[in-house]
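Input: a single structure, listed below in C-alpha cells.
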Amino acid sequence: GESVGLHLPTLSVQEGDNSIINCAYSNSASDYFIWYKQESGKGPQFIIDIRSNMDKRQGQRVTVLLNKTVKHLSLQIAATQPGDSAVYFCAERDPAAGNKLTFGGGTRVLVKP
Amino acid sequence: DVKVTQSSRYLVKRTGEKVFLECVQDMDHENMFWYRQDPGLGLRLIYFSYDVKMKEKGDIPEGYSVSREKKERFSLILESASTNQTSMYLCASRQGIQPQHFGDGTRLSIL
C-alpha cells in the first residue's frame with residue numbers, strides 16, 4: 001500500500017492493551033471534532049465524533065475525550081487488535097469557515113502481536 | 001452505508017495533459033469535496049460543492065477546476081497536469097453537518 005505520511009508520529013502498542021492517540025487543535029471556535037481511521041490503500045473511515053458541548057463520548061471499543069480548556073482531543077481504543085493498525089486523523093470544524101474540516105497530520109498505530 | 005466511489009485507483013498521465021478524476025456518491029448528499037493527501041502535509045482541501053452547479057474554492061485550488069452537473073457526481077479536473085500534482089486524491093461527501101464519508105482515493109502520477 002501507499003505511504004500516507006513518511007514523518008508521522010508512531011504509536012506501538014501490544015495487542016490487547018489500550019491505545020491513546022492525542023490531537024492538539026488551535027482554533028477555539030471549532031465546535032465539532034471527528035476521528036478518522038485510514039488503513040493502507042483505503043480512504044479515511046469515520047470512527048467517532050464529538051460536539052464541543054460534550055467532553056466525552058463512547059462508541060464500540062473507542063472513547064473520545066475533549067478538553068476545551070487546553071484544546072486537546074484524544075481517542076482511546078480499548079483492547080487494541082491487529083485490525084486497529086492504521087493512521088488515525090483528528091479533524092475540527094469551524095462554523096465560521098463554512099463548516100470546512102481542518103485535519104491533523106495523523107498518528108500511525110502499529111499493533112504488535 | 002454510504003458509498004463514495006472514485007473511478008480509478010491508480011492513474012498515470014503526462015505533463016500537460018488534461019486529467020479528469022471522477023467521484024460518485026449514492027446517498028443523495030448535497031456536499032461533496034476533493035482533497036489531496038501528501039506525506040507530511042496531511043489532507044488539503046482543493047474544491048468543494050454544496051449543490052449542483054455550485055462550487056467553492058478550498059485551500060489549494062490553483063491548477064484545478066471542478067464540475068458538478070449532477071448531484072451524485074463531482075469531477076476534479078487538472079487543466080494542464082504538472083509533476084507537482086502527483087498525489088493521492090480523495091473525494092468525500094456529506095449530508096448537512098454529518099461526518100464526511102471518503103472514497104478510497106486515486107493515486108495519480110504525473111510523468
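The chains referred to below are lettered A, B, ... by the order of the sequence lines, with proteins before strands, and numbering in each begins at 1. Just so it is clear, the structure is predicted and the values come from calculations on it, not from any experiment.
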(request) Assess whether atom CZ of R61(A) is packed by more than 12 heavy atoms of other residues, nucleotides or ligands within 6.0 Å. (result)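 Count over threshold, so yes.
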(request) Return yes when atom NZ of K68(A) has more than 12 non-hydrogen atoms of other residues, nucleotides or ligands closer than 6.0 Å, and no otherwise. (result) yes
Kindly compute the distance separating [atom1] ([X]) from [atom2] ([Y]), expressed to the nearest 0.5 Å.
| X | Y | atom1 | atom2 | result |
| --- | --- | --- | --- | --- |
| Q38(A) | M88(B) | CD | CE | 7.0 Å |
| K42(A) | L90(B) | NZ | CG | 14.0 Å |
| F46(A) | Q98(B) | CZ | CD | 8.5 Å |
| E39(A) | D104(B) | CD | CG | 10.0 Å |

May I ask you to test the [X]-[Y] pair for a side-chain heavy-atom distance under 4.5 Å?
| X | Y | answer |
| --- | --- | --- |
| L101(A) | Y35(B) | yes |
| P99(B) | Y32(A) | yes |
| F89(A) | Q37(B) | yes |

Structural part of [X] lying under 4.5 Å from a heavy atom of chain A:
| X | answer |
| --- | --- |
| D59(B) | side chain |
| Y50(B) | side chain |
| R44(B) | neither |
| Q100(B) | both |

Under a 4.5 Å side-chain heavy-atom rule over Ile, Leu, Val, Met, Phe, Trp and Tyr, are [X] and [Y] clustered together?
| X | Y | value |
| --- | --- | --- |
| I46(B) | L78(B) | yes |
| L8(A) | F103(A) | yes |
| I110(B) | Y89(B) | yes |
| M54(A) | L75(A) | yes |
| V64(A) | I34(A) | no |

